[in-house]
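What follows is a set of notes on a single structure, which appears directly below.
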2 protein chains.
Amino acid sequence: MTSTPNRRFKDRIYEQFARLGKAVSAPRRLELLDLLGQGPRTVEALAEQAGISVANASQHLQILRAARLVEARKQGCYVEYRLADEQVGRFFHALRGLAETRLAEVEQVTRAYLEERGAMEAVHGTELLRRVRGGEVTVLDVRPSEEYRAGHIPGALSVPLSELKKRLAELPKNREVVAYCRGPYCVMAIDAVELLRKQGFKAHRMEQGVADWRARGWRVETSAEEVRS
Amino acid sequence: MTSTPNRRFKDRIYEQFARLGKAVSAPRRLELLDLLGQGPRTVEALAEQAGISVANASQHLQILRAARLVEARKQGCYVEYRLADEQVGRFFHALRGLAETRLAEVEQVTRAYLEERGAMEAVHGTELLRRVRGGEVTVLDVRPSEEYRAGHIPGALSVPLSELKKRLAELPKNREVVAYCRGPYCVMAIDAVELLRKQGFKAHRMEQGVADWRARGWRVETSAEEVRS
DNA sequence: TGACTATTCAAGCATCCCGTTGAATACTTG
DNA sequence: CAAGTATTCAACGGGATGCTTGAATAGTCA
């Protein structure tokens with residue numbers, strides 16, 4: 001079983017490519033990548049949001065880091081992880097897109113979930129986007145406020161889902177509301193719309209998150225950064 | 001450890017995404033995908049070209065197929081595998097591109113290999129591409145002829161590496177020659193250039209393969225298809 | 001029909017990988 | 001310096017994965 005230099009070269013090259021493949025071969029890591037696409041975060045926050053233990057999150061993050069998909073920087077007592085660059089975000093987006101078009105199960109699972117919740121998917125996406133871009137509706141960003149600060153759709157109001165109930169008064173009562181969150185597989189906007197409708201608002205969910213918005217080449221707004229060391 | 005419906009939904013979605021990740025997490029499968037990017041092929045041909053056993057190739061192909069990245073169709077006694085659609089090709093391309101920019105090892109390994117072979121990487125890529133597009137040089141496609149038929153760079157001559165020595169007479173002696181093969185990590189063009197230079201030709205290697213060519217939005221030429229059942 | 005071929009299947013083995021647990025490390029704050 | 005917190009490390013068990021081998025299947029061709 002002696003291998004030629006050519007063979008060894010190829011083995012090494014594809015082994016390198018496979019490092020990236022391995023990094024995105026575990027569901028948990030994909031969820032972490034998706035979360036990091038919304039902005040940098042500490043290990044603890046990621047663990048909490050992905051519903052896994054801190055040690056487990058730490059391990060996954062180290063694997064992602066070994067594949068150079070994310071970077072860690074020490075911020076005092078915390079370690080802040082972030083996507084290594086936007087190419088990583090685009091890659092994740094491509095993977096997701098491929099899954100959506102090629103794996104029928106993705107649509108099945110989504111449909112089943114929406115049905116179970118009794119949430120209807122009204123209004124065709126592009127039509128909704130048009131109205132959002134045109135400023136014809138009140139746009140609500142229901143993610144945690146750090147994520148809003150890291151980047152949001154221009155003109156959107158930051159009202160985290162957890163605060164929505166208390167802050168309903170801030171919304172103009174007779175204007176249509178469109179809520180969005182992290183993307184098509186994040187459920188916060190669904191919750192928000194449900195709540196808004198119960199309160200008599202005309203509300204819709206926008207599937208697109210900030211990453212999808214950016215992927216269309218549209219402008220994303222950032223809040224003034226807090227001071228960083 | 002009861003999980004909410006939201007959690008279960010997310011688990012299922014990311015599990016789907018991970019199906020694609022798992023499919024591209026093994027070096028061998030990436031090599032097979034790369035090969036299939038050059039055109040459809042039988043199991044045996046793939047096994048041979050990837051340097052693995054037929055049974056092993058078959059298994060990998062079935063995993064790729066389960067992830068819907070490739071499709072199989074029975075052609076008489078053979079089974080012909082092909083990429084499921086061009087989005088798959090683009091995805092592979094994105095993965096490779098990410099590996100190239102983020103994993104320094106890719107360049108290291110390549111450089112080491114070229115050095116070992118004593119092959120120099122002359123002529124800057126874009127300059128070479130310009131001359132190829134302008135028809136200023138003789139362009140040689142040194143891949144097996146089926147791959148040439150499945151798609152090649154306009155104006156290229158099909159001279160498989162294995163036949164090159166015999167067919168040197170076909171080449172105009174005092175015109176520069178540019179050889180290409182499957183892409184930057186395929187070594188056939190390197191061999192070709194080595195041989196051509198020994199024979200006194202002014203020859204260069206073009207790194208780009210047909211997929212890279214197409215990715216730039218440039219036209220790819222196809223030979224008239226043989227009859228298919 | 002029978003010989004032959006290409007592909008797939010099934011079983012087995014060594015290895016790797018995920019998630020858990022409990023302890024160790026590194027930094028901040030009083 | 002001591003107490004507290006965030007993160008990482010180390011070890012382990014169950015399960016998946018990759019490759020090999022040998023047999024089974026499904027098609028072709030004389």
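A, B, ... follow the sequence lines: proteins, then strands. Residue 1 opens every chain.
Qualifying side-chain hydrogen bond (donor to acceptor under 3.5 Å, both in side chains) partners for A/Ser162, counting only residues two or more places apart in sequence or in other chains: none. Listed by chain and number, the residues in a salt bridge (Lys or Arg N to Asp or Glu O under 4.0 Å) with B/Arg96 are B/Glu100, B/Asp212 (sequence neighbours excluded). A search for salt bridge (Lys or Arg N to Asp or Glu O under 4.0 Å) contacts involving B/Arg28 returns A/Asp11, not counting sequence neighbours. Remark: A/Glu107 engages A/Arg111 in a side-chain hydrogen bond (donor to acceptor under 3.5 Å, both in side chains) (not counting sequence neighbours). Residues passing the salt bridge (Lys or Arg N to Asp or Glu O under 4.0 Å) test with A/Glu146, sequence neighbours excluded: none. Taking the ring-ring contact (aromatic ring centres under 6.0 Å, His included) definition, one finds that A/His152 meets it with A/Tyr148, sequence neighbours left out. Every residue meeting the salt bridge (Lys or Arg N to Asp or Glu O under 4.0 Å) condition with A/Asp141, not counting sequence neighbours, appears here in chain and number order: A/Arg143.
Within the structure, the salt bridge (charged side-chain N to carboxylate O under 4.0 Å, His left out) test picks out the following pairs touching residues 33-49 of chain A (sequence neighbours left out): A/Arg41-A/Glu147.
Atom OH in A/Tyr78 sits about 7 Å away from atom C1' in D/dA6, given to the nearest Å. One can place CD1 of B/Ile52 at 12 Å from P of D/dG18, the figure rounded to the nearest angstrom.
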- If the sugar-phosphate is the primed atoms plus P, OP1 and OP2 and the base is the rest, what is the B/S/- string for nucleotides 25-30 of chain D, using protein heavy atoms under 4.0 Å? -SBS--
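For the segment residues 21-32 of chain A, residues with any heavy atom less than 4.0 angstrom from an atom of DNA chain C are, sorted by number, A/Lys22, A/Ala26, A/Arg28, A/Arg29.
Rounding to the nearest 0.5 angstrom, the gap separating the CG atom in B/Leu98 from the CZ atom in A/Arg68 is 11.5 Å.
Residues B/Leu61 and B/Leu36 meet the side-chain proximity criterion, which asks for heavy atoms closer than 4.5 Å.
Salt-bridge annotation for B/Arg12 and B/Glu15: absent, with no side-chain N of the basic residue lying under 4.0 Å from a carboxylate O of the acidic one. For the pair A/Glu80 and A/Lys74, the salt-bridge criterion is not met [side-chain N within less than 4.0 Å of a carboxylate O].
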Distances under 3.5 Å only, N/O to N/O: pair up the protein atoms with those of nucleotides 8-13 of chain D.
unit_1 : atom_1 : unit_2  : atom_2 : d
D/dT8  : OP1    : A/Tyr81 : OH     : 2.9
D/dT8  : OP2    : A/Ser58 : OG     : 2.6
D/dT8  : O5'    : A/Ser58 : OG     : 3.4
D/dC9  : OP2    : A/Gln62 : OE1    : 2.4

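For C/dC17, neither phosphate oxygen OP1 nor OP2 lies less than 4.0 angstrom from any side-chain nitrogen or oxygen of A/His60.
The terminal axes of the helix from C/dT1-D/dA30 to C/dG30-D/dC1, fitted over 5 pairs per end, subtend an angle of 30° to the nearest 10°.
For A/Tyr185 and B/Tyr14, the ring centers are positioned 6.0 Å apart or more.
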